[in-house]
Peer 1: 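Have a look at this one.
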Amino acid sequence: MASTSSSSSRRGPVSNRRAPFARNWPTESELLVVDLEATCWENKSDRPPGQFNEIIEIGWALVNLETKETTRTGTVLVKPVRSTISAFCTQLTTITAELLEEEGVTLEEAFDTLVNDLKSNTYSWGSWGDYDRNMIQQQCRIFNLKSPFSTTHYNVKNLFKEVYPDLGGYGMAGVWKKVMRGRRLEGTHHRGGDDAKNISSLLLQALAEKEKRATASTSSTTGS
């Protein structure tokens, strides 16, 4: 549900400073995993003149890195103002213009909801690749908004590559099939809330495997 509080706090001087890439593994007790969906078209030529990609869903999952569990999840739908939902976008995400009209809020209201209800700006955050980080920064610049997230971002895909360097492609759904041992993706792929939950599961899998190998290496060294 959208926050009813004033959204003026999200306005103000917008920093163009890029969130630093955190090259090490998270040491925080909690990490906020974020996945965005945006308006899109199958080909560049299909995009109507003057339109551009806009965020239409912000999915999130809060991961406790100490207990190794996802503790909270959610999603916020966003109404685009400078683009429309194409048939391809609906086919990819299942999101329709009617759904956004009924349940969506403005991007500013969505940011307020994240900050006020989740305290999203108090957590380090991560996403599968850098697309989501770049998209947040782009939208903040275009619409003169403050980011609802902190300045520390982890590229979960790169962390996953460190543990599983020989998978070939690293699309999220493809990686899931190769690593998660027959488990099905939760929910609908290309829906922000569901993808955030699945990315959090992949992060926990990578952390578990990393710790398992570290323990085995220590035991081997001790034994020798």
Side-chain angles (χ1 to χ4, degrees), residues 1-3 5-38 55-78 105 107-141 143 145-163 172 186-187 191-208 210-211:
M1 180 179 294
S3 170
S5 63
S6 170
S7 59
S8 59
S9 62
R10 304 308 321 147
R11 296 282 181 179
V14 178
S15 172
N16 290 321
R17 182 162 60 91
R18 195 177 165 90
F21 173 66
R23 295 184 179 279
N24 298 321
W25 284 75
T27 57
E28 299 87 344
S29 60
E30 293 179 294
L31 184 73
L32 185 64
V33 174
V34 175
D35 187 81
L36 305 177
E37 302 302 330
I55 294 171
I56 55 175
E57 185 178 20
I58 306 173
W60 57 269
L62 186 60
V63 182
N64 188 312
L65 299 175
E66 295 179 346
T67 62
K68 305 295 190 296
E69 61 181 340
T70 299
T71 57
R72 295 177 62 190
T73 62
T75 194
V76 185
L77 292 170
V78 181
V105 298
L107 184 61
E108 188 172 4
E109 289 171 332
F111 283 4
D112 277 345
T113 296
L114 293 168
V115 172
N116 295 334
D117 297 349
L118 178 62
K119 310 300 181 189
S120 59
N121 55 350
T122 66
Y123 300 103
S124 296
W125 64 293
S127 59
W128 193 260
D130 281 331
Y131 167 82
D132 305 84
R133 176 178 69 163
N134 293 335
M135 189 66 171
I136 287 290
Q137 296 208 346
Q138 179 201 73
Q139 302 280 278
C140 286
R141 186 169 57 250
F143 296 109
L145 298 172
K146 292 181 182 179
S147 172
F149 304 117
S150 76
T151 56
T152 301
H153 174 269
Y154 292 89
N155 184 323
V156 178
K157 179 164 66 173
N158 282 349
L159 298 180
F160 205 86
K161 285 181 180 180
E162 183 180 318
V163 179
M172 191 273 285
E186 184 172 347
R191 284 301 305 266
D194 292 333
D195 280 355
K197 285 184 281 189
N198 289 321
I199 292 166
S200 71
S201 295
L202 287 171
L203 172 62
L204 291 174
Q205 169 66 27
L207 283 169
K210 181 174 180 290
E211 292 175 1

Peer 1: Any chance you could measure Leu203, atom CG, to Trp128, atom CH2, to the nearest 0.5 Å?
Peer 2: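 The distance works out to 9.0 Å.
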
Peer 1: How are the rings of Trp125 and Phe149 set to each other: parallel, tilted or perpendicular (split at 30° and 60°)?
Peer 2: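 Rings of Trp125 and Phe149: parallel, as their planes differ by under 30°.
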
Peer 1: Over all heavy atoms of both residues, which pair between Trp60 and Leu114 is shortest? Give the atoms and the distance, please.
Peer 2: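 Nearest heavy atoms, Trp60 then Leu114: CD1-CD2, 3.7 Å.
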
Peer 1: Which atom names give the shortest non-hydrogen contact between Val63 and Ser200, and what distance separates them?
Peer 2: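 Here Val63 and Ser200 meet closest at CG2-CB, 3.4 Å.
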
Peer 1: Answer yes or no: is there a donor N or O on one side and an acceptor on the other, between the side chain of Ser150 and the main chain of Tyr123, under 3.5 Å?
Peer 2: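 Between the backbone of Tyr123 and the side chain of Ser150 there is a qualifying donor-acceptor contact (under 3.5 Å).
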
Peer 1: What is the minimum heavy-atom distance between Asp132 and Ser127, and which atoms define it?
Peer 2: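 Minimum heavy-atom contact is OD1-CB, 3.5 Å.
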
Peer 1: How far does CD1 of Ile136 sit from OH of Tyr131, to the nearest 0.5 angstrom?
Peer 2: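 The OH atom of Tyr131 is 9.5 Å from CD1 of Ile136, to the nearest 0.5 Å.
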
Peer 1: Using 0.5 Å steps for rounding, measure from the NE2 atom of His153 to the CG atom of Leu31.
Peer 2: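 Rounded to the nearest 0.5 Å, the NE2-CG separation comes out at 9.0 Å.
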
Peer 1: Could you state the interatomic distance from CG (Asp112) to OG (Ser120), rounded to the nearest 0.5 Å?
Peer 2: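 Asp112 CG to Ser120 OG: 9.5 Å, rounded to 0.5 Å.
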
Peer 1: Would you check, one step at a time, whether the test side chain to side chain contact (heavy atoms under 4.5 Å, CB included) holds for Arg133 with Asn155?
Peer 2: CA-CA 9 Å; Arg133 176 178 69 163; Asn155 184 323; over 6 Å; no

Peer 1: Enter the distance from Thr27:OG1 to Leu65:CG here, rounded to the nearest 0.5 Å.
Peer 2: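 It comes to 9.0 Å.
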
Peer 1: Counting distance only, does the side-chain N/O of Thr71 pair as donor-acceptor with the main-chain N or O of Leu62 below 3.5 Å?
Peer 2: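 Yes, because the side chain of Thr71 sits within donor-acceptor range (under 3.5 Å) of the backbone of Leu62.
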
Peer 1: May I ask you to decide if Glu186's main-chain N or O and Asn198's side chain share a donor-acceptor pair within less than 3.5 Å?
Peer 2: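 Yes; judged by distance alone, with no hydrogens or angles, the pair exists.
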
Peer 1: Using every non-hydrogen atom in the two residues, find where Asn24 and Leu159 come nearest and quote the distance to one decimal.
Peer 2: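 Asn24 and Leu159 have their closest heavy atoms at O-CD2, 4.3 Å.
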
Peer 1: Quick check: do Phe160 and Ile199 have side-chain heavy atoms less than 4.5 Å from each other?
Peer 2: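 Phe160 vs Ile199: side chains apart.
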
Peer 1: Would you indicate whether the side-chain heavy atoms of Arg72 and Leu118 approach each other to under 4.5 Å?
Peer 2: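 Touching, per the 4.5 Å side-chain cut-off.
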
Peer 1: Provide the closest heavy-atom pair for Lys157 versus Gly129 in the form atom of the first, atom of the second, distance.
Peer 2: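 Reported closest heavy-atom pair: CB-N, 3.7 Å.
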
Peer 1: Considering residues at least two apart in sequence or located in another chain, which fulfil the side chain to side chain contact (heavy atoms under 4.5 Å, CB included) criterion with Thr73?
Peer 2: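 Per chain and number, Thr73 pairs via side chain to side chain contact (heavy atoms under 4.5 Å, CB included) with Ala61, Thr70, Lys197.
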
Peer 1: Using side chain to side chain contact (heavy atoms under 4.5 Å, CB included), reason through Val105 and Val76 one step at a time and then give a plain yes or no.
Peer 2: CA-CA 8 Å; Val105 298; Val76 185; 3.9 Å; yes

Peer 1: If you take all heavy atoms of Ala196 and Asp35, which pair is closest and at what distance?
Peer 2: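 Answer, listing the atom of Ala196 first, then Asp35: N-CB, 3.9 Å.
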
Peer 1: Within the distance-only criterion (no hydrogens, no angle test), does the side chain of Glu28 pair as donor or acceptor with the backbone N or O of Ser124 below 3.5 angstrom?
Peer 2: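 Pair absent, no side-chain N/O of Glu28 close to backbone of Ser124.
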
Peer 1: Any donor and acceptor pair, going by atom type alone, linking the side chain of Thr75 with main-chain N or O of Gly192 inside 3.5 Å?
Peer 2: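 Checking the backbone N and O of Gly192 against the side chain of Thr75, no donor-acceptor pair under 3.5 Å is found.
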
Peer 1: Rounded at 0.5 Å granularity, tell me how far SG in Cys140 sits from CD in Glu108.
Peer 2: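 Rounded to the nearest 0.5 Å, the SG-CD separation comes out at 10.5 Å.
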
